Structure formats: structure tokens, C-alpha cells
**Q** 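For reference, the structure I am asking about is given below.
What you see below is based on every heavy atom in this structure, not just the backbone, and it leaves out hydrogens, waters and symmetry mates. So you know, we letter chains A, B, ... as the sequences are listed, proteins then strands, and number each from 1. Everything numeric in this text was worked out from a predicted model, so none of it was measured.
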There are 2 protein chains.
Amino acid sequence: MHITDAERKIMECLWQSHPATSTELAERLENATGWRQGTVKALLNRLLNKGAIEAERVGRGYRYSPGVSREDCVSEASQRFLARWFDGRLAPLVAHLSDHRKINPQELEEIKALIKELEDEC
Amino acid sequence: MHITDAERKIMECLWQSHPATSTELAERLENATGWRQGTVKALLNRLLNKGAIEAERVGRGYRYSPGVSREDCVSEASQRFLARWFDGRLAPLVAHLSDHRKINPQELEEIKALIKELEDEC
DNA sequence: ATTATATGATTACAGCGGTAAACGCAAGAG
DNA sequence: CTCTTGCGTTTACCGCTGTAATCATATAAT
């Protein structure tokens, strides 16, 4: 399942807090996107059709909830990205970013800590 | 500058070896993509228009070369990807992949080595 | 010089993505 | 009961992407 960029903004909202009505979502997104209600609703329908969200009828309207986890989406996107540019591997990305000074010392520390954890638990 | 997926395949060819004629490129891509010559040529023109490649007239045809480096494209794509999903930071990606067992031991070693290098040279 | 061939340029077209207007219906206001 | 208003559904439209056919032209072969 491929989530587009506009759809992703809706999903982020839902992952953050759900269920939510289309009106609530439109309000929450208004600021960041400037989208009209109709836009939000159209995107919700596309997400429904591809099974990325679920809708539960409540009175006059619906409550929407994510149908896929953010974790899963992130995994898919990461695999796609790494496959495209780095032969599917993480190390070359780290190498690239470090070559281009795109990693600051704090991040470096974080990653080092992560790796230590990984080693310990293995 | 945004390189689309089909365009990227052309670029990969050119980055790998250039300059190259459209015919050479079509031959090299034939296997991987099944594209006709016309398809390759159309993509080359789009890339020319957006300044991603350069063309040098030679006799009847052109020799094409990259106008942007792979490094730069990779940087852009990486920043975009990390911004979308990980607040622009690398550490959370590493954390995610490790949580989901998407890093094999060999990669872990590679990354560890990279980090050690980085530390040493600082 | 005429014909065939290779190369490039133009045009096409369907599908997807972003954005939204238009239309219809239900629920509350008077 | 009628009118307005909010929500949902349908339809629209443009630009981009992937893919290619078609047209034009220059070079090569006869």
C-alpha cells in the first residue's frame, strides 16, 4: 500500500489521535496545509478505498481511525528509499550523510548508544 | 530539482558511465526496463529541460552527461525522506530499523566502523 | 539523386495526485 | 412543516509521470 504525501498528512493526524471526524481533522490540518474541508474529505475517501483507514458511523457522520500503523508505513517507506538509493542497505546512507557532514555530534551519540544497546541484547 | 523514478534510472546509467548517446543508453536500459528508444529519448529531453543532464553535439547526435552529481541527488533525496518520516534526523531511522530487525549483523559492523572513524577524525 | 536508416523533436495519452466545487441529504431552527 | 446549514458523495480539473507513436530531418547506401 502506497501512501501519498498529501494522504500522509492526514495519516499523521490520525496516528497522533483517533478516532476523529472529518471536521476535526480539517480543523487540525487547516493551519499546516490550508486545505478546505472538501479536500480533507476527498483524501479520507481515497484512504478508505485503499484500506489505510477505517470509518465507524456515529450519528450523522463518521469517526475515522488508522487502519495501518505508522510503524508499518515507515518500514515500507524506509525499505523503498534505501532500495532506490543505497542498494537496500543502511550503512551506505550513514556513510553518505557523514561524508557530507549531515550528522551532528548529538546524533552521532544517539546512534552510538543505539548500537551499543543492540549489541548488548544480542 | 526533483528527479522522478523513471528519470532516475537514466541518471544511474549516466552516472555509471558518461558521456553516452541515447542509443547506448537505450541498449544499456533495455534489459532492466524494456523501454523503447522513444521512451529513453523523451526522458532525456525532460532531464535536459530541468538541467539534470548536459548534451554535447557530436556529428549527427548528442553525447549526454550528468549535470548534477549522484552525491547531490542522494543528499536531496535523503533529506526529503528523513524530513518526511523522522523529523529530519538519522538516529530515529536507525532506531526504527533496529526495532524491526531490519539490520543484519554485518551492517551493524559496518556502521560501527563508520562511527569509530568519524570519532577518530574529529 | 533517390531511397533507406538512424536520430532527434513533437505530440499523445492514460493514470495518479492535489485540490476543490457542486450536489444531495439529514438534522436542527423557527 | 419549511428553511438553513453542516456533512458526505460525486464529479472535475490540471499538472505530472510513464510510456510511446509519429513526424521531421540528416546521413548513409545504392
**Q** How close or far is atom C1' of D/dA20 from atom CG of B/Leu43, stated in whole angstroms?
**A** 10 Å
**Q** Mind calculating the distance between CG (B/Leu44) and P (D/dT19) to the nearest angstrom?
**A** 14 Å
**Q** Near DNA chain C, under 4.0 Å by heavy atom, which residues of residues 63-81 of chain A?
**A** none
**Q** Using only atom types and a distance under 3.5 Å, with no angle test, would you say the side chain of A/Gln37 pairs donor to acceptor with the backbone of A/Thr23?
**A** no
**Q** Check ring pair (Phe, Tyr, Trp, His ring centres under 6.0 Å) between A/His100 and all other residues, then give those that pass, not counting sequence neighbours.
**A** A/His96
**Q** Should A/Val58 and A/Thr21 be marked as a side-chain contact (heavy atoms from CB on, under 4.5 Å) after you check the CA-CA gap, both sets of side-chain angles, and the distance that decides it?
**A** CA-CA 9 Å; A/Val58 173; A/Thr21 67; over 6 Å; no
**Q** Can you sort out the partners of B/Asp5 under side chain to side chain contact (heavy atoms under 4.5 Å, CB included), two or more places apart, ordered by chain and number?
**A** A/Arg84, B/Arg8, B/Lys9
**Q** Do A/Leu97 and B/Leu82 have side chains that approach each other closer than 4.5 Å (heavy atoms only, starting at C-beta)?
**A** yes
**Q** Rounded to the nearest Å, what distance is computed from the CZ atom of residue B/Arg36 to the P atom of nucleotide D/dT22?
**A** 14 Å
**Q** Under 4.0 Å, counting only non-hydrogen atoms across every strand here, what does B/Thr21 touch: a base, just sugar-phosphate, or nothing?
**A** nothing
**Q** Is the distance from OP1 or OP2 of D/dC7 to the nearest side-chain N or O of A/Ser22 less than 4.0 Å?
**A** no
**Q** Can you measure B/Lys41 atom NZ to D/dT22 atom P for me and round it to whole angstrom units?
**A** 19 Å
**Q** Set out, in order, the CA-CA distance, both residues' side-chain angles and the distance that settles side-chain contact (heavy atoms from CB on, under 4.5 Å) for A/Lys41 and A/Leu25, then state yes or no.
**A** CA-CA 9 Å; A/Lys41 195 58 191 58; A/Leu25 289 170; over 6 Å; no
**Q** Using chain A heavy atoms and a threshold of under 4.0 Å, write down where along DNA chain C the contacts begin and end, 5' to 3'.
**A** C/dG17 to C/dA20
**Q** So, the side chain of B/Glu30 versus the backbone of B/Glu27: is there a donor-acceptor pair under 3.5 Å, distance only?
**A** no
**Q** Using the 3.5 Å cut-off, write out each protein N or O paired with an N or O of nucleotides 10-14 of chain D and the distance between them.
**A**
none

**Q** Run the numbers on A/Arg63 and A/His18 for side-chain contact (heavy atoms from CB on, under 4.5 Å), then give the verdict.
**A** CA-CA 8 Å; A/Arg63 298 302 165 101; A/His18 62 269; over 6 Å; no
**Q** Can you sort out which residues in residues 2-13 of chain A have a heavy atom within less than 4.0 Å of DNA chain C? Ascending by number, please.
**A** A/His2, A/Thr4, A/Asp5, A/Ala6
**Q** Using a strict cut-off of less than 4.0 Å between a Lys/Arg side-chain nitrogen and an Asp/Glu carboxylate oxygen, indicate whether A/Arg46 and A/Glu7 qualify as a salt bridge.
**A** no
**Q** What distance separates A/Ile3 CD1 from A/Ile10 CD1, expressed to the nearest 0.5 Å?
**A** 11.0 Å
**Q** For residues A/Leu90 and A/Leu93, determine if any side-chain heavy atom of one lies less than 4.5 Å from a side-chain heavy atom of the other.
**A** yes
**Q** Could you tell me the separation between the CG atom of A/Leu25 and the C1' atom of D/dG8, rounded to a whole number of Å?
**A** 14 Å
**Q** Determine the interplanar angle of the B/Phe81 and A/Phe81 rings, folded into 0 to 90°, and report it as parallel if under 30°, tilted if 30 to 60°, perpendicular if over 60°.
**A** parallel
**Q** Are B/Thr39 and D/dG18 close enough that a side-chain N or O sits under 4.0 Å from OP1 or OP2?
**A** no
**Q** Is the side chain of A/Asn104 donor-acceptor paired with the backbone N or O of A/Gln106 at a distance under 3.5 Å, no angle test?
**A** yes
